[in-house]
Amino acid sequence: MTGKKFHRYVVAAFWVSLVFCIGFSYFYMKWVIPDKLNVVAEEEEQFHFSMPFGVTLSSDSEEVVLSNGSNIPTDQINLSVNQPFSVYSENQGSYKIGLKLFGWLQLKDIQVDVVDTKYAIPCGTPVGIYLKSDGIMVIGTGDITKKDGMIVEPAFGVLQSGDYIEAFNGTPLKDKEALVTELNKNGTSEAVLAVRRGDQEIEVKMTPVEGEDGNPKLGVWVRDDTQGIGTMTYIDMNGNFGALGHGISDSDTGGVVQIEDGALYETSILGIEKGTFGKPGVMSGVIYYGPGSVLGTIHSNTEEGIFGTVNERFKQTAKADAIPIGYRQDVKKGTAYIRSDVSGVVKDYEIEIQKVDYTTTHKNKGMVIKVTDPELLAITGGIVQGMSGSPIIQDGKLIGAVTHVFIQDSTRGYGIFIENMLEAAE
């Protein structure tokens, strides 16, 4: 290879590398840096994002003041790699901060919501959960054996796991029993099903078959409700609640259950099975269904938890004081506490926050936590199923909730920022 040819290769490699680095940095920073920041009015809030290159931040409004290490307030600052910055505003409202790479390449606009100090009561109490799905959920299709012994699968390729059947021949369906009633009326004639598939409303045609028992069948496995035990995270000053820190998913389809409504019920924890390597522990208990045991109404089931309103019966049991809400910039590595009544009494147990992900990439995995409290370790071995939603408190603020346990290490798990739950509840 001649010297000139080698030189051309080196130059080409340099420019390709440069373009790649700029492109990678551009998309990495758009992905890592949140689209929205929450700050409390009249409080200087500090932020720190992992950035591979220097950036320029500029405030689009005189209401929002920026500063960095120089502590000189301004409407524009230049940040070096991994340098923190602070935001201050006296007035509530929604404002914008512009973010530029290398001082000229526009990356994104960050929405800054300036809010009053919010308060909530951290709970940590177990509750029974009942969800009524919005439509009849299809969890799978199966074979039907006809009277003549022939095996067919009439729903194969027509219905899918995760579909919601809303109506049968134009008749709305409330539950599985209504589906069976309409199917029996229809017999083996062609039927039209109104189906919700993701965000789409579609109609599918099916011809039921006569099974061995002489009844018409569609060849689908369906479910119309879900129940379980979880932990109440908080109730706010208006009686609104948030729980779990993650959505309730169907065990067969894996998708978050789309609900019509739901309810909270009293529950009693009967025992705790400690987690072992490769097998999470679990709280076992009984849910008391009945009008006298209702604690509240569930309005929504989201990836960040379940939300709704509690009744007076539950409010009377929430004897803890309300404390301020802490936003992601308030969360730091080190000592914190989770609130739980796994012992039968609501107590705060010490944990260590080992890692904080300030981005919005993983909405319910913003923190890695480790249980260090000897008493809690003796009772549960760490984090067990059913503890999801246990509030996390640091420096006197409600900052998040427990969401997941590490299968390989039951003393460690993930937590969600409380601000993510509050936004999902809106």
Side-chain angles (χ1 to χ4, degrees), residues 15 17-118 304 324-333 355-363 365-367 395 397 399-400 416-424 426:
W15 284 108
S17 300
L18 181 62
V19 170
F20 173 80
C21 288
I22 293 175
F24 173 81
S25 300
Y26 178 84
F27 289 106
Y28 171 80
M29 295 174 72
K30 280 183 71 72
W31 175 57
V32 163
I33 298 174
D35 296 318
K36 184 168 78 170
L37 304 176
N38 291 289
V39 301
V40 177
E42 300 184 9
E43 290 187 14
E44 185 175 2
E45 303 276 7
Q46 190 172 82
F47 299 88
H48 191 177
F49 301 124
S50 179
M51 298 178 287
F53 294 99
V55 297
T56 299
L57 288 173
S58 58
S59 173
D60 290 352
S61 171
E62 62 182 13
E63 303 289 348
V64 176
V65 177
L66 306 171
S67 63
N68 54 8
S70 64
N71 291 321
I72 301 176
T74 181
D75 62 350
Q76 180 171 304
I77 55 175
N78 296 314
L79 296 179
S80 303
V81 177
N82 290 328
Q83 182 181 4
F85 68 95
S86 62
V87 178
Y88 177 84
S89 177
E90 294 183 351
N91 301 309
Q92 297 180 39
S94 186
Y95 309 99
K96 285 185 179 181
I97 292 177
L99 179 67
K100 293 181 179 179
L101 182 63
F102 308 124
W104 57 270
L105 181 59
Q106 182 69 32
L107 272 176
K108 68 193 311 181
D109 286 327
I110 304 172
Q111 180 179 325
V112 178
D113 287 343
V114 183
V115 299
D116 194 6
T117 303
K118 294 183 179 180
E304 293 79 27
I325 294 296
Y327 296 99
R328 69 183 68 218
Q329 64 268 19
D330 298 314
V331 183
K332 60 181 183 292
K333 293 180 182 179
K355 181 180 178 182
V356 185
D357 181 357
Y358 295 101
T359 73
T360 55
T361 308
H362 302 104
K363 289 191 175 182
K365 296 181 178 179
M367 293 173 266
D395 296 331
K397 294 182 178 181
I399 61 168
I416 183 175
F417 294 126
I418 197 67
E419 69 176 84
N420 290 351
M421 293 185 69
L422 293 172
E423 288 174 3
E426 294 176 354

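Positions are given from 1, in the same order as the sequence printed here. Keep in mind that what you see is a predicted model, and the values were worked out from it rather than measured.
The distance from the CG atom of L66 to the CG atom of L57 is 6.0 Å, given to the nearest 0.5 Å. Distance CD1/I97 to CD/Q111: 11.0 Å, rounded to 0.5 Å. Going from atom CE of M367 over to atom CD1 of I399 covers 5.0 Å, rounded to the nearest 0.5 Å. Atom CD of E423 sits about 11.0 Å away from atom CD1 of I418, to the nearest 0.5 Å.
A salt bridge is absent between D357 and K365: the closest approach of a Lys/Arg side-chain nitrogen to an acidic carboxylate oxygen does not fall below 4.0 angstrom.
D330 places a side-chain heavy atom less than 4.5 Å from the side chain of E45. Side-chain contact check for I325 versus Y327: some heavy-atom pair is nearer than 4.5 Å. Residues F47 and V39 are in side-chain contact: their nearest non-hydrogen atoms beyond the backbone lie under 4.5 Å apart.
For the residue pair S94 and D113, the shortest heavy atom distance occurs at OG-OD1, 3.0 Å. Residues M421 and E304 come closest through the heavy atom pair CG-O, 3.6 Å. The two atoms that bring Q76 and T56 nearest to each other are CG-CG2, 3.7 Å, heavy atoms only. Across all their heavy atoms, D116 and Q92 have their closest contact at CB-NE2, 3.4 Å. Here the closest heavy-atom approach between residue Y95 and residue S61 is recorded as CD2-OG, 3.7 Å. For the pair F85 and V87, the tightest heavy-atom approach, listed with the atom from each and the gap, is CE1-CG2, 3.8 Å.
Side chain of Q46 to main chain of Q329: no donor-acceptor pair is present (N/O by atom type, distance under 3.5 Å, no hydrogens or angles). Side-chain atoms of S89 come within 3.5 Å of backbone N or O of E63 as a donor-acceptor pair.
Residues passing the salt bridge (charged side-chain N to carboxylate O under 4.0 Å, His left out) test with K333, sequence neighbours excluded: none. Evaluation of the side chain to side chain donor-acceptor pair (under 3.5 Å) rule for D60 yields no partner, not counting sequence neighbours.
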(request) Show your reasoning for whether side chain to side chain contact (heavy atoms under 4.5 Å, CB included) applies to E42 and Y88. (result) CA-CA 7 Å; E42 300 184 9; Y88 177 84; 4.2 Å; yes
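Among I110, V114, V64, the single residue meeting the side-chain contact (heavy atoms from CB on, under 4.5 Å) criterion with L37 is I110.
A side-chain N or O of R328 and one of N420 form a donor-acceptor pair less than 3.5 Å apart.
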